[in-house]
Amino acid sequence: MVNPQMVMYEEEFNQIQNVVDRLVKDANAKVVFIVDKNGQLIAASGDVDNLDTTSLASLTAGNIAATGGMAKLLKENEFATQFHEGEKANIHIQLVGNRVILVVIFDSKSSLGLVRLRVRKASEELNHIFEALLKKVQEPGADSPFAEITDEDIDNLFND
Amino acid sequence: MSFINYMAREINCKIVYYGPGLCGKTTNLQYIYERTNPDAKGKMISLATETDRTLFFDFLPLALGEIRGFKTRFHLYTVPGQVFYDASRKLILKGVDGVVFVADSQVGRIEANQESVENLRTNLAEQGYSLDKVPYVVQYNKRDLPEIATVEELRELLNPTNVPDFEGVARTGVGVFDTLKAVAKLVLTELKRGGP
């Protein structure tokens, strides 16, 4: 197996959601979300109702992948932090544990310094949670819920 | 690498459309986008040049329905087909769960098809995947054009391992959903086996 399967359980999800919720407040951010490196959205918090988080997640992962590619060419390990400054909105992107991406969107109510400070702390917490999650996933007996699906279940998906 | 989320009760898989430049990868996604219920799809994103050539990728999130209480979501991506975008192609293959190879049936594009399959094999291997193991289907596109190779010829050159293959005219939708269903099915079957 090249990449261990990404699995999210309720317990870890709640821990992650707590970190993300807190970061929105502590950093005065508009939106905070976490994406895995393949572009799957893991958790989001803040003013997400009017935001296409699925698309943002995919583009963030593409961005990190492209930057990672550039790093490799320069014989750098990673460019772990990115910052994009707009007229109203700014985006701070942080690679956490080389596995997930923490994205903070903020406006003039916050500042880059504050966001960086809070992101650093949140990254450490997230890193611990994801390490524990990874261990749990790799434990024997952590079967895929899909082991039991039948060919019929799969066929039924396509019968409409 | 699929992502199983017990909290949201959903499973996310990544499918990549591969093939030589102008073979119709983006057209496949556009057709799927146009013909899918609004509540089953997200926005389609195309990172393209000013002349509408794919620069980095196209992206289309799709919801296919539920299996045993889990929503199945597929993220469809295309790669840029032009030869010099190889670095970008490698990035998009990361974490892939299933691959569709879109071949251009025109006689003049046979070599481009072969080069692209070889490139796919090499780039997958770099990520630690084998083309012979990953869920994989082939679409022979542009069957409506003059001067095309026969399906038998294309199959011999591009599909020696006999994976599921389909004739397509992506512009009008022929074969588009058959191709998608086939690869989605293979991906789910692989999940059932506990891979990749």
Side-chain angles (χ1 to χ4, degrees), chain A residues 1-17 35-44 52-59 61-70 72-73 99-100 133 137 142-160, chain B residues 1-14 37 41-45 47 56-57 59-61 64-70 72-73 75 77 87-88 90-92 94-97 124 127-130 134 177-178 180-182 184-196:
Chain A
M1 198 186 294
V2 192
N3 293 307
Q5 172 108 52
M6 183 73 170
V7 179
M8 182 58 63
Y9 300 103
E10 192 170 348
E11 186 190 349
E12 284 77 11
F13 178 83
N14 288 335
Q15 293 171 355
I16 292 165
Q17 189 67 45
V35 188
D36 82 356
K37 282 180 95 179
N38 300 326
Q40 314 277 11
L41 183 71
I42 294 173
D52 182 353
T53 44
T54 309
S55 300
L56 265 174
S58 152
L59 289 171
N63 196 333
I64 280 286
T67 317
M70 290 194 281
K72 225 173 165 182
L73 292 176
R99 177 163 187 89
V100 294
L133 178 64
V137 174
D143 279 342
S144 155
F146 287 83
E148 313 233 309
I149 59 171
T150 60
D151 292 343
E152 209 184 342
D153 287 331
I154 295 175
D155 282 334
N156 284 341
L157 255 193
F158 301 105
N159 280 347
D160 42 353
Chain B
M1 181 183 64
S2 54
F3 172 31
I4 302 175
N5 190 333
Y6 283 87
M7 189 63 195
R9 303 215 47 92
E10 58 182 41
I11 169 113
N12 292 279
C13 306
K14 176 173 180 177
N37 251 327
K41 68 183 176 194
K43 207 185 273 174
M44 177 163 166
I45 287 186
L47 301 181
F56 194 4
F57 58 78
F59 168 70
L60 174 61
L64 278 190
E66 288 194 7
I67 290 189
R68 305 254 168 143
F70 275 79
T72 56
R73 292 182 189 280
H75 287 180
Y77 285 83
S88 304
K90 287 180 193 181
L91 299 177
I92 292 150
K94 281 187 182 168
V96 68
D97 294 302
L124 276 175
Q127 312 280 339
Y129 298 98
S130 156
V134 82
F177 276 97
D178 292 335
L180 173 64
K181 283 177 187 177
K185 231 169 149 170
L186 288 179
V187 167
L188 292 170
T189 308
E190 186 66 23
L191 265 177
K192 182 183 153 191
R193 294 197 317 143

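Neither the backbone nor the side chain of I64(A) has a heavy atom closer than 4.5 Å to any heavy atom of chain B. Using a 4.5 Å cut-off between heavy atoms, T72(B) touches chain A through its side chain atoms alone. Interface remark: L188(B) contributes backbone and side-chain atoms alike to the contact with chain A (heavy atom separation under 4.5 Å). Contact of D153(A) with chain B is made through backbone and side chain together, with heavy-atom distances under 4.5 Å.
For the pair K43(B) and S55(A), the tightest heavy-atom approach, listed with the atom from each and the gap, is CB-OG, 3.9 Å. Closest of all the heavy-atom pairs between V7(A) and Y6(B) is CG1-CE1, 3.2 Å. Nearest heavy-atom pair across L59(A) and F57(B) is CD2-CZ, 4.0 Å. Nearest heavy-atom pair across S58(A) and F59(B) is OG-CG, 3.3 Å. The two residues G39(A) and Y77(B) have their closest heavy-atom pair at CA-OH, 4.5 Å.
If you tally non-hydrogen atom pairs under 4.5 Å between each of L47(B), L60(B), I11(B) and chain A, the highest count goes to I11(B). Contact count versus chain A (heavy atoms, under 4.5 Å) is highest, among H75(B), K14(B), K90(B), for H75(B).
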Legend entry - Worked check of side-chain contact (heavy atoms from CB on, under 4.5 Å) between K185(B) and D155(A): CA-CA 8 Å; K185(B) 231 169 149 170; D155(A) 282 334; 2.5 Å; yes
Inset, instruction - Before giving the answer on side-chain contact (heavy atoms from CB on, under 4.5 Å), spell out for R68(B) and T150(A) the whole-Å C-alpha distance, their side-chain angles and the decisive distance to 0.1 Å. - result: CA-CA 10 Å; R68(B) 305 254 168 143; T150(A) 60; 3.9 Å; yes
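Taken to the nearest 0.5 Å, the NZ atom of K41(B) stands 14.0 Å off from the OG1 atom of T54(A). To the nearest 0.5 Å, atoms CE (M7(B)) and CG (N14(A)) are separated by 5.0 Å. Here the straight-line distance linking atom CG of N63(A) with atom CG of L91(B) works out to 11.0 Å at 0.5 Å rounding. In this structure, the separation between CG on D36(A) and CG on N12(B) is 8.5 Å, given to the nearest 0.5 Å.
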